[in-house]
Amino acid sequence: MNRQRTLLSILQSVEFSATISEIADRLYLSQPYVSRIIKEEENKFGVVLINRRDKPIELTKFGVFILNSLKKIASAEDSLNTGIENLKAQQSRPIRISNTNPFLTEDIIDAITRYLDAHPQANIELTQSQTRNVASDLAEGAIDITIGQRWNAADIEINDLPSPIFYLPIADSCEPFDPSTLYLPLEDDTLTRMAECRYIGLSGHSEFQAYVDNLFKRVGIHPRNQLFLPTPASALKTVFNMTNATTITTRKLAERHLPAGRYNLMPLPTNFIRTDTSIMTLTTADSTIQQLTRFLTDELVRAIR
């Protein structure tokens, strides 16, 4: 532990100690050593850091200020070290792609598969993790490419994707189903017959789910017996097997996972529900990451449209 970190530990321990000896015991240091560090730092700054006359001891206003400053310095050092280690590891690890839009997962996998066919030496890892802070995760090398809600920053390259049209799927076991057509209009009569349907939601996507709940209220649907599943595909399959149920889907997902001719799609107006998504990477990312970012952007734009 360097001297700065030692001083930080000493000042942090004041709150829980009545004497300098207790601080030393708590930190497994000798009392003379702790006293010497405190005295040398007080001489260096020309202020008293700890009021040692009264019991229990306490930090002076200068001690509190230096404690808070040392915490910030320690946090910055930790972040710096983590970032350096992550950047070093990039040379031997896969290109990491984070995706938070569940409706794009299958299209992303298809695009990555085509990329790997053309670039057999590439190594890619796709995760579904929720990105805490896009700018920090990209800068520290925790991820290389992120697909999700736009994050504006000067050093981030942003490629916006179009928002697909979303639908309510109606299985042939449900009351509004019409075998003569694929699409059912979003009309009052149809909505009335769906008013008490069961809704299959997506687990792990609370913000999107709240958005959907508000949409249903606006159009007069009051879902009951809600079930939450991890993927849009599993939600679709459950809708087909469960009586009087629906979910949110895209036409492509419905075509992939529902039997042809046995479902309807009710389009939702684009001003009702959107999933504005962007593909982002650092402007300073190496050429391989930038190449993959451009490839994914082109492939996903084509897939959505």
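- Side-chain atoms of I97 and I112, non-hydrogen and from C-beta on, do get closer than 4.5 Å to each other.
- The environment of CZ in F65 is sparse: at most 12 heavy-atom neighbours from other residues, nucleotides or ligands sit within 6.0 Å.
- Distance check, rounded to the nearest 0.5 Å: CE of M280 to CD of Q149 gives 8.5 Å.
- Partners of D178 by side chain to side chain donor-acceptor pair (under 3.5 Å), not counting sequence neighbours, listed by chain and number: S180.
- Judged by distance alone, with hydrogens and angles left aside, the side-chain atoms of E42 form a donor-acceptor pair with the main-chain N or O of L49 at under 3.5 Å.
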Start with the C-alpha distance between L202 and I248, add both sets of side-chain angles, then the distance that settles side chain to side chain contact (heavy atoms under 4.5 Å, CB included), and finish with yes or no. CA-CA 9 Å; L202 297 177; I248 297 289; over 6 Å; no
Kindly determine whether L292 and D144 satisfy side chain to side chain contact (heavy atoms under 4.5 Å, CB included), including the steps that lead there. CA-CA 10 Å; L292 177 55; D144 302 301; over 6 Å; no
Before giving the answer on side chain to side chain contact (heavy atoms under 4.5 Å, CB included), spell out for T243 and R198 the whole-Å C-alpha distance, their side-chain angles and the decisive distance to 0.1 Å. CA-CA 8 Å; T243 303; R198 290 179 285 189; 3.7 Å; yes
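- Using a 4.0 Å cut-off between a side-chain N of Lys or Arg and a carboxylate O of Asp or Glu, E106 and K252 do not qualify as a salt bridge.
- Atom-to-atom distance recorded for T281:OG1 and R294:CZ is 10.5 Å, nearest 0.5 angstrom.
- Contact check for I66 versus L59: no side-chain heavy atoms found under the 4.5 Å cut-off.
- I38 is listed as a side-chain neighbour of I20, based on a closest heavy-atom distance under 4.5 Å.
- In terms of heavy atoms, L184 sits closest to P176 at CD1-O, 3.4 Å.
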Does the pair I124 and Y115 meet the rule for a side chain to side chain contact (heavy atoms under 4.5 Å, CB included), with working shown? CA-CA 10 Å; I124 299 172; Y115 184 85; 3.9 Å; yes
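- Considering all non-hydrogen atoms of both residues, L8 and A74 come closest at CD2-CB, 3.9 Å.
- Residues passing the side chain to side chain donor-acceptor pair (under 3.5 Å) test with Q12: none are found, sequence neighbours excluded.
- Atom NZ of K55 sits in a crowded spot, with more than 12 heavy atoms from other residues, nucleotides or ligands closer than 6.0 Å.
- Panel note: side chain N264, backbone T181; a donor-acceptor pair is recorded below 3.5 Å.
- L253 and P232 make their closest contact through CD1-CB, 3.8 Å (heavy atoms, listed as atom of the first residue, atom of the second, distance).
- In terms of the salt bridge (charged side-chain N to carboxylate O under 4.0 Å, His left out) criterion, residue partners of E255 (sequence neighbours excluded) are, by chain and number, R251.
- No salt bridge links D110 with R302; every basic N to acidic carboxylate O contact stays at or beyond 4.0 Å.
- Of all heavy-atom pairs spanning P162 and R305, the tightest one is CG-NE, 4.0 Å.
- Side-chain N or O atoms of T246 include none that pairs as donor or acceptor with a backbone N or O of I170 at under 3.5 Å.
- The side chain to side chain donor-acceptor pair (under 3.5 Å) check on S278 picks up D160, with sequence neighbours excluded.
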Applying side-chain hydrogen bond (donor to acceptor under 3.5 Å, both in side chains) to R150 and N152, what does each step give before you reach the verdict? CA-CA 6 Å; R150 167 188 270 262; N152 294 314; 2.6 Å; yes
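- Residue D286 holds its CG atom at 10.0 Å from CD of Q291, rounded to the nearest 0.5 Å.
- By the criterion of side-chain heavy atoms lying less than 4.5 angstrom apart, applied directly or through intervening Ile, Leu, Val, Met, Phe, Trp or Tyr residues, L182 is grouped together with F240 in one hydrophobic cluster.
- Side-chain N/O atoms of D155 and T284 include no donor and acceptor closer than 3.5 Å.
- Under a 3.5 Å cut-off, the side chain of T247 and the backbone N or O of I200 do form a donor-acceptor pair.
- The heavy-atom pair separating A18 from E22 by the smallest distance is N-OE1, 3.0 Å.
- R114 pairs by the salt bridge (charged side-chain N to carboxylate O under 4.0 Å, His left out) definition with E299, not counting sequence neighbours.
- No side-chain heavy atom of I158 sits under 4.5 Å from any side-chain heavy atom of W151.
- Under a hydrophobic-cluster definition in which Ile, Leu, Val, Met, Phe, Trp and Tyr are linked whenever side-chain heavy atoms come within less than 4.5 Å, directly or via other members, L116 and L104 are assigned to the same cluster.
- Salt bridge E41/R3: present, at least one basic N to carboxylate O contact under 4.0 Å.
- Distance CG/L265 to OH/Y183: 6.0 Å, rounded to 0.5 Å.
- Annotation: side chain of T60 is not in contact with side chain of I50 (no heavy-atom distance under 4.5 Å).
- With hydrogens and angles disregarded, no donor-acceptor distance shorter than 3.5 Å links the side chain of S75 to the backbone of K71.
- In this structure, S98 contributes its side chain and I143 its backbone to no donor-acceptor pair below 3.5 Å.
- Heavy-atom contacts from other residues, nucleotides or ligands closer than 6.0 Å to CD1 of I165 number 12 or fewer.
- Under the rule for a side chain to side chain donor-acceptor pair (under 3.5 Å), the partners of T231 that lie at least two apart in sequence or sit in another chain are S234.
- Without hydrogens or angle criteria, Q290 side chain to T283 main chain gives a donor-acceptor distance under 3.5 Å.
- Under a hydrophobic clustering in which Ile, Leu, Val, Met, Phe, Trp and Tyr are joined whenever their side-chain heavy atoms come within less than 4.5 Å, directly or via other members, L29 and L11 fall into the same cluster.
- Hydrophobic clustering (ILVMFWY, side-chain heavy atoms < 4.5 Å, transitive): V48 and L67 are in distinct clusters.
- Taken to the nearest 0.5 Å, the OG atom of S35 stands 11.0 Å off from the CD atom of E40.
- Once rounded to the nearest 0.5 Å, the distance linking CD1 of I37 with OG of S9 reads 9.5 Å.
- The two residues A245 and C174 come nearest to each other via the heavy atoms N-SG, 3.7 Å.
- A salt bridge does not link D137 to R96: none of the charged nitrogens lies less than 4.0 Å from a carboxylate oxygen.
- For NZ of K39, the number of neighbouring non-hydrogen atoms (other residues, nucleotides, ligands) closer than 6.0 Å is 12 at most.
- Looking only at distances, a side-chain donor or acceptor of R26 sits under 3.5 Å from a matching main-chain atom of F16.
- A chain of hydrophobic side-chain contacts below 4.5 Å, direct or via other Ile, Leu, Val, Met, Phe, Trp or Tyr residues, connects I279 to L126.
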